[in-house]
Asker: 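Dropping a structure here in structure tokens format, bear with me for questions.
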Amino acid sequence: MGVMSGPYVIRGSVSLPEAELMWRFSRSSGPGGQHVNTSDSQVELRFDLSATESLPEVWKERALQRLESRLVGGVLSVRASEHRSQWRNRETALVRLASLLAEATAPPPRPRRRTRIPRGINERRLREKKQRGETKRGRSGRDW
């Protein structure tokens with residue numbers, strides 16, 4: 001078995017620690033012909049979010065809150081079975097887990113600052129509205 005493409009970086013200098021990842025392999029449904037019956041190519045990757053020490057505390061809180069509906073006992077699990085090879089499924093599961101955590105730990109967006117509409121723009125809009133109304137009124141053939 002080769003080496004996976006390094007530690008999976010979530011964001012900045014924070015990455016997924018290999019020691020905290022729990023792997024489980026099982027038979028996969030889907031493509032593979034007779035090969036499918038003999039190989040454990042489906043991958044389930046589990047990461048204990050509530051017990052991890054690798055994430056900064058703020059990130060951990062954020063992730064626990066945002067992924068609440070996906071967690072089972074504080075553990076986040078990701079499944080991959082679309083490839084025939086277990087190796088590619090492992091890669092897929094890792095990428096999925098990393099992107100899930102990256103999304104869940106992202107800082108909340110800055111609140112929107114309301115800006116005032118410049119008076120000139122508003123006046124121009126009203127002037128054009130009035131003009132459009134005049135044009136339309138002029139189309140009704142009353143005084144022909």
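Throughout, numbering of the chain's residues begins at 1 and tracks the sequence.
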Asker: Do Arg119 and Asn122 pair up side chain to side chain, a donor and an acceptor below 3.5 Å, judged on atom types alone?
Answerer: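 Side chains of Arg119 and Asn122: no pair found under 3.5 Å.
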Asker: Kindly indicate whether the side chain of Arg125, heavy atoms from C-beta on, has any atom under 4.5 Å from the side chain of Ile117.
Answerer: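 The answer is no, as the side chains (C-beta and beyond) never meet within the 4.5 Å cut-off.
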Asker: To the closest 0.5 Å, what do you measure between OG (Ser85) and CD (Glu91)?
Answerer: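 Atom-to-atom, Ser85:OG and Glu91:CD are 9.5 Å apart.
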Asker: To the closest 0.5 Å, what do you measure between CZ (Phe47) and CG (Leu67)?
Answerer: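 Rounded to the nearest 0.5 Å, the CZ-CG separation comes out at 11.0 Å.
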Asker: Within the distance-only criterion (no hydrogens, no angle test), does the side chain of Thr135 pair as donor or acceptor with the backbone N or O of Gln131 below 3.5 angstrom?
Answerer: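 Such a contact is found between Thr135 side chain and Gln131 backbone.
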Asker: Please determine whether a side-chain nitrogen of the Lys or Arg among Arg137 and Glu134 lies less than 4.0 Å from a carboxylate oxygen of the Asp or Glu.
Answerer: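 Answer for the salt bridge query: yes.
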Asker: From the options Leu21, Asn89, Val78, Val43, select the one residue that forms a side-chain contact (heavy atoms from CB on, under 4.5 Å) with Leu94.
Answerer: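 Of all the options given, the one that passes is Leu21.
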Asker: Would you call Pro108 and Arg66 a side-chain contact if the rule is heavy atoms closer than 4.5 Å?
Answerer: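 Sidechains of Arg66 and Pro108: in contact.
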Asker: Before accepting this row, confirm whether a basic side-chain N of the pair Glu82/Arg96 lies closer than 4.0 Å to the acidic partner's carboxylate O.
Answerer: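 Yes, this pair counts.
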Asker: Any donor and acceptor pair, going by atom type alone, linking the side chain of Arg90 with main-chain N or O of Trp23 inside 3.5 Å?
Answerer: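 No, because the side chain of Arg90 does not come within donor-acceptor range (under 3.5 Å) of the backbone of Trp23.
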Asker: Do any N or O atoms from the side chain of Arg46 and from the backbone of Met22 form a donor-acceptor pair under 3.5 angstrom?
Answerer: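 Not at all, since once roles are kept as given, no pair shorter than 3.5 Å links the two residues.
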Asker: Counting only heavy atoms from other residues, nucleotides and ligands, does the tally under 6.0 Å from CD of Gln65 exceed 12?
Answerer: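 Incorrect, the count does not exceed 12.
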Asker: Between atom OG1 of Thr105 and atom CG of Leu64, what is the distance when rounded to the nearest 0.5 Å?
Answerer: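 So the gap between those two atoms works out to 11.5 Å.
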Asker: Enter the distance from Thr92:OG1 to Trp87:CH2 here, rounded to the nearest 0.5 Å.
Answerer: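 Going from the OG1 atom of Thr92 to the CH2 atom of Trp87 covers 11.5 Å.
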